[in-house]
Each structure stands twice: as C-alpha cells, then as structure tokens.
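Position 1 is the first residue of the sequence, and the numbers go up from there. This one's a predicted model, so the numbers in the text were calculated from it and none came from an experiment.
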Amino acid sequence: METKIAPNTYGNLTVLRHSGLLGLKAGPTIIALVLILFMIVLIAQQKLLAAGLLFLIGGSVAAVGLIPGRQGRNLYGRLQLRLGQFMKEKKKQHLYIAGPTGAGTPDGAFRLPGLMARSELTEQQDSYGRPFGLIRVSGRGVHHYSVVIESHPDGESLVDHDEVENRVAKWAAWLSECSMDDSIRGASVTIESAPDSGLRLERLLDSHGRDDAPAFSKEVVNEIRDNYRTGAPELTGRITITFDGRRLDGKAGDRGTVEMAEEIGNKLPGILAGLGGTGAGGVMLCTAQQITDSTRVAYDPTTAATVEELQESGGTGLVWEEAGPSFSVDEFDLYRHDRAVSRSWTMYEGPRGMFTSNCLRRLMEPSTEALRKRVTLLYRPIPVDRATAVVDREQRDSTFAGSQTRVSQRAQIRRAAAQKSAQEEALGAGLTRFGLIVTITVRNQDELARWDKTIPSLVSGARLRMRPALGNQAVTFQAGLPLGVVLPDHMVVRTGLQGFF
C-alpha cells in the first residue's frame with residue numbers, strides 16, 4: 001500500500017509597516033492631516049477659493065497615488081524611477097569605463113564599479129589557521145567586513161521526509177543564532193548555475209585511466225568524453241556573512257582590518273560548525289584568490305573556461321583590482337557588462353499564506369540556457385535587543401490597522417500573525433528580514449525576452465511576486481553577487497523611514 005507523506009508547511013511572514021487612517025500608511029496620513037488643518041485655517045480666514053483649490057489638488061494627488069499600478073508600483077513610483085534614470089544618464093553616471101583609457105579608475109585598474117569601488121580584499125586566517133578572504137567596504141558611515149563560504153548542497157534526492165524537515169529546522173536555528181550576534185549585519189545564500197566547460201570531466205577521466213584497461217572500457221570512456229563533455233550544468237553554492245566594523249565605543253569610525261580579522265577568525269569555526277546538518281553539504285572558506293576569480297567570471301562569463309584552466313595550472317594571478325569589468329552600462333531594465341548582458345529581478349511581495357520546504361525548487365534548478373543564472377536569498381537578522389520592540393510594535397499596528405478598515409480576513413490573519421510572532425519571540429525565536437534576487441546573464445539582449453515570462457512562473461509555487469529591478473540594474477546585479485553587499489545600509493533613505501510610505 002502506498003503511503004503519502006504530506007510536507008510540513010511554514011508561514012507567519014509579515015511585512016513591517018506603519019499604518020495610518022482609512023487604510024493609508026502613516027506618511028500619507030500625516031500629509032493629509034496637515035493639508036486638512038491648512039484648509040481649516042484658510043476657511044476660517046474666509047479664503048474659500050484657496051481652500052477649494054487646495055482640496056481639489058490634494059484630493060487629485062492622493063487619488064492618483066491610491067490607484068494600484070503594475071507590479072506593486074503606482075504612477076508616482078514609476079515616474080520616480082524614470083526621473084532617477086534620466087538624471088543618472090544626464091550626469092553620465094550610468095557609464096563605467098575602466099582600465100588605462102577609463103575615467104572611472106585613475107590608476108588604470110579594473111576595479112569593481114558602484115558600491116564596491118572602494119572595497120578591499122585581503123587574505124586572513126581563522127583560529128584554526130585556515131585562510132579566508134576578507135572583503136572590506138568602509139566609508140560614508142558604513143564599515144562592513146564580509147567572508148564567503150563555498151558550500152556543496154546535498155540536494156533532496158533520496159533524502160527522506162523527516163531528514164528534509166530536520167534540515168529546515170537546523171537552517172532556521174543557524175539564522176536565529178545570527179540574530180544573537182550583534183555584529184552580523186547580513187547573510188546571503190547564492191546558488192549559481194552555468195554550463196559546465198567539461199574540463200573537470202576530462203581531467204577526471206584522464207587521471208583515472210589505465211593503459212591495461214579492457215578495450216571495451218576504453219571505448220566507453222572515450223564515448224563519455226566525446227558525448228558528455230559539455231551540456232551538463234555546473235551548480236555552485238556560496239554563503240556570505242557580513243559583519244559590522246563600527247567602533248565599539250559608539251563613536252564614528254572603523255575598527256580596522258587587523259582587529260576585525262582577528263574577531264571574525266575566532267567566530268568562523270563556530271559558524272561553519274553551525275551549518276552542519278542544514279543541507280549545505282561540505283563547506284569551506286573561500287580564499288581571496290577564489291573570490292577574485294569568481295567575481296571576474298561573474299562580470300565576464302565568457303572567461304569561465306580560461307579561468308578554470310588557469311586555476312588547474314597554477315592559478316590565474318588576478319588581483320582584486322582586476323576583477324571588475326572593463327566597461328558597463330546601467331540601462332533602465334538591463335545591465336551590459338563586458339561581453340554579456342544581465343537582467344535582475346527582485347521580490348516585492350513575500351509568500352502569501354503557507355509554503356513548503358521545496359517551494360523554490362524550480363527556481364533553484366540549474367539551467368544551461370544562460371551563461372549564468374544566479375539566485376540569491378538575502379537575510380538581515382534583527383538583533384535580539386530590538387526583536388521585542390519590533391513584535392510589540394507590529395502587534396499594536398496590526399490592531400490599529402484592523403480597526404480602520406472593514407472586517408476582513410486579511411486583517412484578521414495579520415493580527416493573528418503578529419500575536420504568533422510575539423509568542424515565538426518570547427520563547428526565544430529570532431526575527432529575520434529576507435529578500436530574493438534573481439539574475440540572468442546571457443550573450444545578447446534578445447535572449448532575455450524568454451526569461452521575462454519564465455522567472456515569474458518559476459516562483460509561482462512559492463506564491464512570490466517578482467519584478468525587474470527597473471532603474472537599479474547595476475546595483476541589484478552587485479547585490480546578487482556573493483560579496484556581502486547589504487543594500488539597506490547604503491541607502492540615503494533608511495528602512496525605518498521607508499515603512500511610512
């Protein structure tokens with residue numbers, strides 16, 4: 001008799017926000033109240049015409065803003081993106097030309113563009129003497145230090161149901177431990193797939209061949225080398241952890257590479273041990289050379305085979321200042337870099353309702369139809385000392401929002417989720433913000449058309465909503481790389497203020 005096992009479901013996700021009156025957010029509510037007070041003053045002064053004009057203009061602006069637009073953006077949001085792209089192109093900030101003839105790098109190097117332009121990469125050792133690359137991004141109030149861990153996920157094939165659920169629980173525990181460490185600003189998991197060059201298979205067959213092998217065996221091996229050398233996908237997993245390097249005495253400034261390297265090196269053995277049993281498989285710290293090579297390939301995927309050959313014959317010899325593109329163009333809906341074109345999508349609405357442990361399986365599956373397909377899950381643990389305040393505020397806000405609208409199932413679910421989060425946080429659970437970036441890299445722009453329909457369908461099982469990162473393709477491409485870019489810390493408008501609008 002066949003026994004079907006129903007997978008466990010997960011949920012209780014919520015979006016932190018500041019609710020206002022009549023279903024509006026707090027920001028528009030405050031603006032509306034100010035306008036109403038101003039109208040009352042005008043009416044009291046017998047300036048009825050001015051009050052009427054103010055009412056018409058304010059009402060029209062508010063009505064346009066309330067009209068839902070495509071992919072979660074209203075008219076103002078789309079105009080803002082267009083205006084930002086126009087200003088960027090007018091100032092030539094969308095162009096990046098590096099090297100001896102470029103203006104972006106005075107020293108003639110091929111540095112990474114954008115937020116990573118001022119980054120530094122050094123080689124350090126953890127407390128066990130194992131080397132690891134440490135990426136430092138310091139300046140403008142942000143002092144981040146990131147390490148990259150290469151993983152080899154086991155997958156769920158031939159793994160029973162209980163083991164899968166056990167891995168999910170251990171991964172949740174690992175994320176919860178990250179929130180216990182105040183110095184961790186963010187973490188990410190990047191699953192990258194690309195067509196295999198076949199070099200590894202060829203080396204494997206050559207290294208294990210024997211001259212006295214039977215003729216039939218040699219014939220089979222030769223057939224495998226000829227027919228299966230290319231076409232198979234290559235799958236790589238990387239986990240990135242970003243630490244905060246601000247001074248501990250509360251003053252502005254960076255603690256410096258030496259102090260941070262010692263502190264991070266002491267923590268890494270525990271962090272790697274915590275990944276055991278999560279399904280990450282074998283994990284190892286990436287060296288500075290490995291980070292440099294993988295970054296260079298990301299900006300120019302056509303060099304992947306050459307880089308792999310050089311790695312097997314003594315190393316590429318590339319340095320961090322040579323890992324960036326020679327040129328790039330940040331267009332409105334795509335990103336051109338060296339001999340490739342990329343488009344990135346971001347999650348703008350999380351899973352609705354419940355989801356299962358394998359809901360992202362279709363999205364994570366390798367693809368040979370693109371030069372690079374990169375799926376990055378971004379995590380920002382909320383420190384323990386702030387978690388209680390966050391869940392309490394969400395409880396108050398959900399109750400207030402429910403009292404401002406008609407009784408609806410969605411409002412009831414939000415209140416129930418807020419109460420559930422408060423209960424679990426009181427029992428010791430951690431809170432984590434998360435996001436998702438998908439980047440497709442192809443040889444020419446025409447190949448991107450099919451992915452515009454494919455990407456949303458790949459996340460339909462998880463009930464996610466994805467949209468192209470319009471006007472922000474270059475920075476989203478970089479945030480999807482396993483380099484530890486924590487975008488909210490670099491934004492002019494902080495996340496807390498964004499929740500008002």
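Closest heavy-atom contact between Arg167 and Gly279: CD-CA, 3.8 Å. What you find for Phe434 and Met347 is that their closest heavy atoms are CE1-CE, 3.7 Å. Between Pro325 and Tyr96, the shortest heavy-atom contact is O-CE2, 3.6 Å. Nearest heavy atoms, Arg255 versus Asp244: NH1-O, 4.4 Å. Residue Arg246 comes nearest to Gly141 through the heavy atom pair CD-O, 4.4 Å, listed as atom of the first residue, atom of the second, then distance. The minimum heavy-atom distance linking Phe110 with Pro100 is given by the pair CZ-CD, 4.2 Å.
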Apply side chain to side chain donor-acceptor pair (under 3.5 Å) to Thr388 and Glu425, showing your working. CA-CA 7 Å; Thr388 303; Glu425 191 278 333; 3.0 Å; yes
Kindly determine whether Trp451 and Val438 satisfy side-chain contact (heavy atoms from CB on, under 4.5 Å), including the steps that lead there. CA-CA 11 Å; Trp451 291 100; Val438 179; over 6 Å; no
Derivation of the side-chain contact (heavy atoms from CB on, under 4.5 Å) call for Glu331 and His94: CA-CA 7 Å; Glu331 298 186 10; His94 69 304; 5.6 Å; no
Under the criterion side-chain contact (heavy atoms from CB on, under 4.5 Å), I'd like the reasoning laid out for Ile271 against Trp174: C-alpha separation, chi angles, the key distance, then a yes or no. CA-CA 8 Å; Ile271 292 175; Trp174 187 82; 3.8 Å; yes
Pair Val137, Leu483 - check side-chain contact (heavy atoms from CB on, under 4.5 Å), show working. CA-CA 10 Å; Val137 178; Leu483 299 178; over 6 Å; no
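Judged purely by atom type and a 3.5 angstrom limit, Thr292 has no side-chain atom pairing as donor or acceptor with the backbone of Leu318. Under a 3.5 Å cut-off, the side chain of Asp160 and the backbone N or O of Glu163 do form a donor-acceptor pair. The closest donor-acceptor contact from the side chain of Glu123 to the backbone of Ala288 lies under 3.5 Å.
Aromatic ring orientation, Phe477 versus His337: tilted (interplanar angle from 30° to 60°). Using bins of under 30°, 30° to 60° and over 60° for the plane-to-plane angle, the ring pair His490/His144 lands in the perpendicular bin. Taking the six-membered ring for Trp and thresholds of 30 and 60 degrees, Tyr335 and Tyr299 have ring planes more than 60 degrees apart, a perpendicular arrangement.
To the nearest 0.5 Å, atoms OG1 (Thr302) and CZ (Arg339) are separated by 3.5 Å. The CD1 atom of Ile149 sits 4.5 Å away from the CG atom of Leu272 when rounded to the nearest 0.5 Å. In this structure, Ile291 CD1 and Glu150 CD are separated by 10.5 Å, a value rounded to the nearest 0.5 Å. Separating the CD atom in Gln311 from the CD atom in Gln289 is a distance of 8.0 Å, to the nearest 0.5 Å. Here CZ of Arg386 is found 8.5 Å from CZ of Arg393. Values are rounded to the nearest 0.5 Å. Between atom OG1 of residue Thr346 and atom CG of residue Asn472 there is a gap of 8.5 Å, rounded to the nearest 0.5 Å.
Taking 4.5 Å as the limit, every side-chain heavy atom of Met116 sits out of range of all side-chain heavy atoms of Leu121. By the 4.5 Å heavy-atom criterion applied to side chains, Ile440 and Lys373 are counted as neighbours. For the pair Ile241 and Lys267, the minimum side-chain heavy-atom distance is 4.5 Å or more. Taking 4.5 Å as the limit, some side-chain heavy atom of Leu275 sits within range of a side-chain heavy atom of Trp171. The closest side-chain heavy-atom distance from Leu481 to Thr190 is not below 4.5 Å. Two residues are said to be in side-chain contact when any heavy atoms from C-beta on lie closer than 4.5 Å; Ile382 and Ser179 fail this criterion. A 4.5 Å side-chain heavy-atom check between Phe243 and Met260 finds at least one atom pair inside the cut-off. Side-chain contact between Asn166 and Asp162: absent, with no pair of heavy atoms (C-beta onward) separated by less than 4.5 Å.
Atom CD of Glu262 has 12 or fewer neighbouring heavy atoms from other residues, nucleotides or ligands inside a 6.0 Å radius. Other residues, nucleotides and ligands contribute only 12 or fewer heavy atoms inside 6.0 Å of the CZ atom of Arg82. Within 6.0 Å of CZ in Arg361 there are 12 or fewer heavy atoms belonging to other residues, nucleotides or ligands. The environment of CZ in Arg443 is sparse: at most 12 heavy-atom neighbours from other residues, nucleotides or ligands sit within 6.0 Å. Other residues, nucleotides and ligands contribute at most 12 non-hydrogen atoms within 6.0 Å of the CZ atom of Phe86. Within 6.0 Å of the CD atom in Glu349, the count of heavy atoms belonging to other residues, nucleotides or ligands exceeds 12.
Salt bridge present: Asp126 and Arg130 bring a charged side-chain N and a carboxylate O closer than 4.0 Å. Salt bridge status for Arg372 with Glu192: present, with a side-chain N to carboxylate O gap under 4.0 Å.
Here the rule is side-chain hydrogen bond (donor to acceptor under 3.5 Å, both in side chains) with Asp293, and of Thr303, Thr287, Thr316 only Thr316 fits it. A side-chain hydrogen bond (donor to acceptor under 3.5 Å, both in side chains) with Ser344 holds for exactly one of Thr439, Thr441, Thr376; it is Thr439.
When only modelled atom types and interatomic distance are considered, Thr122 and Gln124 share a side-chain donor-acceptor pair under 3.5 Å. Side chains of Ser119 and Trp320: a donor on one and an acceptor on the other come within 3.5 Å. Using modelled atom types, one finds a donor on one side chain and an acceptor on the other under 3.5 Å when comparing Lys88 with Gln85. Neither side chain, Gln473 nor Ser342, offers a donor N or O lying under 3.5 Å from an acceptor on the other. With 3.5 Å as the limit, one finds a donor-acceptor pair spanning the side chains of Ser326 and Asp338.
A cation-pi contact, defined as under 6.0 Å to the ring centre and within 45° of the axis, is absent between Arg336 and Phe327.
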